[in-house]
Amino acid sequence: MNRRMAEYNHREVEQTWQRFWEENQTYKTETDSRKPKYYVLDMFPYPSGAGLHVGHPLGYIASDIFSRYKRLKGFNVLHPMGFDSFGLPAEQYAIQTGQHPAVTTERNIIRYIEQLKNIGFSYDWSREVRTSDPGFYKWTQWIFMELFRSWYNNEADRAEPIETLVAKFEQNGNQSVNAPCDDNTPTFTAEQWRAMSEQEQYDMTLKYRLTYVADAVVNWCPALGTVLANDEVKDGVSERGGYPVEQKKMRQWMMRITAYADRLLHGLDQIDWSESLKEQQRNWIGKSVGAEVTFQIENREETIKVYTTRVDTIYGVTFMVLAPEHELVPELTTPEQREAVEAYVNAAKLRSERDRMADVKTVSGVFTGSYVINPFNGEKVPIWLADYVLAGYGTGAVMAVPSGDQRDWTFATHFGLPIVRILDAQKDLDTQADATKDGRYVNSGIINGLTYQEAIPVLIRFLEENGIGKAKTNYRLRDAVFSRQRYWGEPVPVYYKDGLPYLIDETDLPLELPAVDKYLPTETGEPPLGRAEDWKYKGEYEYELSTMPGWAGSSWYWYRYMDPHNNQAFASKAAVDYWRDVDLYVGGSEHATGHLLYSRFWNKFLKDRGYVPEEEPFKKLVNQGMIQGRSNFVYRVKESVGEGKAPVFVSAGLLESSDWPTMAVTALHVDVNIVSNDVLDIEAFRKSRPDLTESPDGIPAEFILEDGKYICGAEIEKMSKSKYNVVNPDDIVERYGADVLRLYEMFLGPLEQAKPWNTNGIDGVYRFIRKFWRLFYEEKADNTSKWIVTDDAPTPAELKVLHKTIKKTQDDIEAMSFNTTVPAFMVCVNELTSLKCSKRAILQDLVVILSPFAPHITEELWAVLGNEPGTVTKTGFPAFEEKYLVEDAFEYPIQINGKVRTTISFAIDRAPTEIEKEVLSNETVQKWLEGKAPKKVVVVPKRIVNVVV
RNA sequence: GCCGGGAUGGCGGAAUAGGUAGACGCGCAGGACUUAAAAUCCUGUGAUCCGUAAAAGGUCGUGCGGGUUCGAUUCCCGCUCCCGGUACCA
């Protein structure tokens with residue numbers, strides 16, 4: 001092991017240890033109940049063709065440091081990695097090239113693993129999972145089946161097997177069943193239930209199941225040929241690809257996530273996530289408490305239900321507004337208004353979601369000609385249509401109170417509708433609405449003179465007694481669309497008989513993705529699976545042709561790591577009971593309303609059905625910030641382009657100077673990998689981009705330099721291939737070593753903060769690593785190195801340096817504040833260097849505390865120190881002993897009124913200076929301290945500080 | 001609009017139960033070693049004033065304006081700007 005290197009050779013050392021770890025299965029984890037468990041999880045990546053860039057490992061490095069630290073602290077750490085390997089890009093690539101997505105996905109995964117191993121992560125690769133692996137998606141399909149076999153019992157507030165629902169039906173019909181179900185479910189008695197045919201009964205249970213088929217208005221993306229979930233649509237276009245999305249009614253599999261809305265909301269209070277992330281989920285769930293009120297349509301049978309959070313403003317209602325898509329619109333439209341209404345409805349249909357959003361300020365609407373009766377005061381209220389009312393929220397109808405709601409006020413003012421004051425505290429209503437709840441009601445019938453608090457129960461009682469409404473809680477959260485008209489996803493394990501969906505036999509799981517000749521929809525517009533020939537019951541039954549969405553596999557994958565090769569269950573009970581939940585989850589905040597919400601939903605479901613022990617899957621969650629790219633630019637003189645002219649590039653610093661007045665230049669992206677500290681490697685540039693550095697007829701470019709260098713401009717942008725700002729971690733590892741990459745990414749700034757990648761500072765970390773090496777080795781004149789570690793006893797000063805670092809490292813890692821730990825190491829090594837400390841006792845501990853950050857060099861030095869190779873991860877984290885820090889601490893008596901009242905411990909580790917003594921004996925200071933009986937006073941020159949009473 | 005987070009040297013960023021602001025790194029400047037370069041090491045580096053052989057010293061300084069305090073980057077009130085999320089949600 002004693003390779004004596006003059007300089008630290010990261011290539012050799014890293015290869016040695018990575019091989020060692022692999023051969024010895026150093027990071028293989030067993031379910032070991034003798035040790036406390038700790039589960040550290042990274043959000044697994046989608047293996048894209050572009051490979052990893054330096055932004056990806058940021059969170060992985062942090063979680064790896066934490067895992068290694070926890071191992072040192074005696075925990076049995078589960079730290080796995082896998083791949084979210086179903087997804088659109090592979091499929092689109094398949095459409096273009098005809099290659100099976102499995103092939104390209106496999107290739108990408110191999111590349112990812114290679115890149116990840118390069119960085120020296122301590123993953124247990126024997127537990128790797130892939131969502132596209134039939135052995136994995138067998139269980140995704142199984143969970144889908146369990147959801148299908150379950151309903152949500154609101155009374156017990158949990159999911160239950162469908163059999164318990166059927167038992168209830170048999171006893172009392174569905175009148176006493178309190179469960180979320182299809183809106184159009186008829187009520188029936190036990191007798192009626194028994195009178196139904198088996199098929200009718202089955203059909204009835206379909207309305208209650210946690211996954212169900214429904215006609216839903218979905219986000220249809222024609223370019224991608226599939227539907228998208230709400231969280232996959234950003235600004236009216238698809239998140240992937242940016243294609244337009246339109247609203248379309250389609251028959252889809254749905255997930256009844258709304259059944260869990262309240263539990264998803266309240267569960268947030270128990271978990272250690274960032275406030276912003278919890279807030280995002282709260283907003284997404286969007287709970288609002290209000291009331292539903294039924295309005296009778298004048299001269300007609302039908303009624304219109306509205307939802308309001310301000311039922312107290314009911315006497316201020318002067319009109320009602322329906323969404324243009326509201327089902328009663330045709331009936332309500334009077335002959336005189338027909339033309340105007342139809343024009344409006346058609347216009348609304350044509351307007352894309354995006355236009356509607358962009359155009360918030362325009363007031364538009366149309367009168368239907370009909371009226372409803374306000375049930376509280378019997379007044380006639382005109383019914384209008386307007387596209388500011390959304391069909392998908394509440395009941396698709398709102399009661400408009402222009403005095404209390406700004407939007408209603410604007411509408412009323414625009415169309416000349418009346419505005420009625422309802423509270424005496426409302427301000428002047430001529431210029432705007434006033435949404436106050438203060439004051440007492442006026443013009444308000446039965447609540448006149450009451451306050452808001454008093455009025456609400458009166459109104460709710462009135463609604464309930466007259467059967468015209470009730471208190472109601474609404475959620476913004478919608479049931480999740482679960483169907484995708486794609487090929488590269490999990491097949492839904494369902495077939496159809498007489499138009500009704502049935503689960504396939506469980507013994508036929510996994511229902512494997514069949515081969516198809518093309519990855520496009522069929523000529524008849526069916527999804528790609530319509531092309532499949534080798535279904536097991538082809539011809540016998542009709543199969544479900546849609547596949548599951550990307551979030552299906554990722555909504556439970558953390559359980560698979562616990563027992564990844566199990567064929568009998570998604571994970572054994574023993575494994576799940578031991579590993580339970582994820583203690584630390586690290587990943588990007590972009591999954592706030594997607595993956596992280598769906599995962600919590602499925603977890604709660606699995607908990608309800610007794611398959612997992614914890615209500616929440618991710619106890620603590622840390623979002624790493626995105627690493628942006630830092631693009632470099634060269635500036636080409638516009639006039640120098642063309643045949644017969646040498647292209648001229650001007651250094652950035654000269655652009656503004658008077659030597660180059662108003663120079664017309666074009667800024668061009670230049671590959672950041674040939675730029676160092678903004679200085680361009682001109683030769684590399686010439687070689688890699690002859691298209692830019694030569695004229696069309698081959699005249700080489702000229703470079704106008706400053707101080708002999710070509711300086712590039714820079715800008716922060718998203719890291720992307722087209723901007724030539726992608727930095728591959730492999731290149732950094734090759735040049736500086738994995739340990740430097742790891743330390744540097746942590747050093748860059750707070751983990752959670754978004755920050756640009758900038759290689760400029762990396763040399764500092766590189767120097768630190770080599771300096772660390774030189775604590776052990778000294779270079780000799782003949783370019784070999786001398787081992788300089790001694791067995792001498794450490795001095796107090798050296799012990800102090802060590803223990804200061806132990807404490808700092810421990811505190812920082814627990815707080816995941818790695819950006820301040822790296823400087824602490826640097827200070828430590830600097831101080832030991834200036835103390836000329838090469839003592840084994842000190843270095844051994846230092847190696848251990850540094851090992852989570854820089855595992856390769858520490859493994860090397862650990863072995864070289866004479867310890868068993870590869871055992872640094874098993875050695876305990878050194879214990880911090882305060883005595884080494886406070887050895888010089890000094891107690892100083894404080895006299896108050898001539899008596900010693902207390903002693904002072906100095907936080908500074910030295911005796912007080914003359915100035916400080918003088919301050920302490922100062923009469924006013926003594927007087928000021930009088931009566932405060934300080935326990936501790938920290939003294940700094942000229943001031944007294946920090947009186948701890 | 002609403003919700004969440006932020007603003008500190010030339011740059012990335014340290015420091016908040018209130019207590020010597022600018023740790024550490026980059027960059028820059030000077031020096032040592034070297035035939036030279038690389039590498040390495042040492043010194044200096046917020047602004048400004050006064051001043052010296054060298055020093056010492058003063059004033060200002062954490063986005064802006066106030067407040068509390070012996071003392072504020074930190075706490076309170078009022079703004080400005082930036083980043084992230086979200087939106088005709090009744």
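Small disclaimer: the values here were computed from a predicted structure and weren't measured. The chains referred to below are lettered A, B, ... by the order of the sequence lines, with proteins before strands, and numbering in each begins at 1. FYI, side chains are in, hydrogens and waters are out, and symmetry mates aren't considered; it's all heavy atoms of this structure.
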Exercise for review: For RNA chain B, write out the stems as range with range, using runs of 3 or more consecutive Watson-Crick or G-U pairs with both distances under 3.5 Å.
Suggested key: B:1-7 with B:80-86, B:10-12 with B:24-26, B:27-32 with B:40-45, B:46-49 with B:57-60, B:63-67 with B:75-79
Review point. Are OP1 or OP2 of B:C89 and a side-chain N or O of A:Y307 less than 4.0 angstrom apart?
Key: no
Point to revise | Whole-angstrom distance between B:G61 and B:C3, as gauged at atom C1' | key: 34 Å
Review point. Side-chain donor-acceptor pair under 3.5 Å between A:S288 and A:Y393, yes or no?
Key: yes
Exercise for review: Output every pair passing salt bridge (charged side-chain N to carboxylate O under 4.0 Å, His left out) with a member in residues 817-838 of chain A, not counting sequence neighbours, ordered by first then second residue.
Suggested key: A:K804-A:E831
Point to revise | Partner set under salt bridge (Lys or Arg N to Asp or Glu O under 4.0 Å) for A:R310, not counting sequence neighbours | key: A:D312
Check your understanding: Should B:G9 be called syn or anti, with syn set as within 90° of 0?
Key -> syn
Point to revise | Listed partners of A:E279 passing salt bridge (Lys or Arg N to Asp or Glu O under 4.0 Å), at least two apart | key: A:R282
Tabulate protein N/O versus nucleotide N/O from nucleotides 41-44 of chain B, keeping only pairs under 3.5 Å, one per line.
residue : atom : partner : partner atom : Å
B:C41   : OP1  : A:R774  : NH2          : 3.2

Exercise for review: Please state the P separation for the pair B:G78 and B:G19 - nearest whole angstrom.
Suggested key: 24 Å
Practice item. Sorted by first residue and then second, give each salt bridge (charged side-chain N to carboxylate O under 4.0 Å, His left out) pair with at least one member in residues 741-760 of chain A; sequence neighbours left out. Key: A:D64-A:R742
Practice item. In whole angstrom, give me the gap between the C1' atoms of B:A55 and B:G6. Key: 42 Å
Check your understanding: Mind checking what makes side-chain contact (heavy atoms from CB on, under 4.5 Å) contact with A:D405, not counting sequence neighbours?
Key -> A:R407, A:D408
Review point. Rounding to the closest angstrom, what is the interatomic distance between B:A38 and B:C28 at atom P?
Key: 12 Å
Review point. Considering heavy-atom distances to RNA chain B, does A:Y766 or A:T395 have its closest nucleotide positioned more toward the 5' end?
Key: A:Y766
Practice item. Name all residues meeting the salt bridge (Lys or Arg N to Asp or Glu O under 4.0 Å) criterion together with A:K287; count only those two or more places apart in sequence or in a different chain, and write none if there are none. Key: A:D262
Review point. Rounding to the closest angstrom, what is the interatomic distance between B:G22 and B:U73 at atom C1'?
Key: 11 Å
Practice item. Provide the distance between the two C1' atoms, one in B:U43 and one in B:C76, to the nearest whole Å. Key: 45 Å
Review point. Sequence neighbours excluded, which residues qualify as ring-ring contact (aromatic ring centres under 6.0 Å, His included) partners of A:F633?
Key: A:H669
Tabulated below should be each protein N or O lying under 3.5 Å from an N or O of nucleotides 4-13 of chain B; please produce it.
residue : atom : partner : partner atom : Å
B:G12   : O2'  : A:L748  : O            : 2.9
B:G13   : OP1  : A:Q753  : NE2          : 2.5

**Study point:** Distance, P atom - from B:A72 to B:A90, rounded to whole angstrom
**Key:** 45 Å
Check your understanding: Mapping A:T309 and A:N830 onto RNA chain B by nearest heavy atom, which one lands closer to the 5' end?
Key -> A:N830
Check your understanding: Would you find a donor on one side and an acceptor on the other, under 3.5 Å apart, between the side chain of A:R476 and the backbone of A:I285?
Key -> no
Practice item. Mind checking salt bridge (Lys or Arg N to Asp or Glu O under 4.0 Å) for A:D812 and listing every partner two or more places apart, or none if nothing turns up? Key: A:K808
**Study point:** side-chain contact (heavy atoms from CB on, under 4.5 Å) partners for A:A592, two or more places apart
**Key:** A:L277, A:Q280
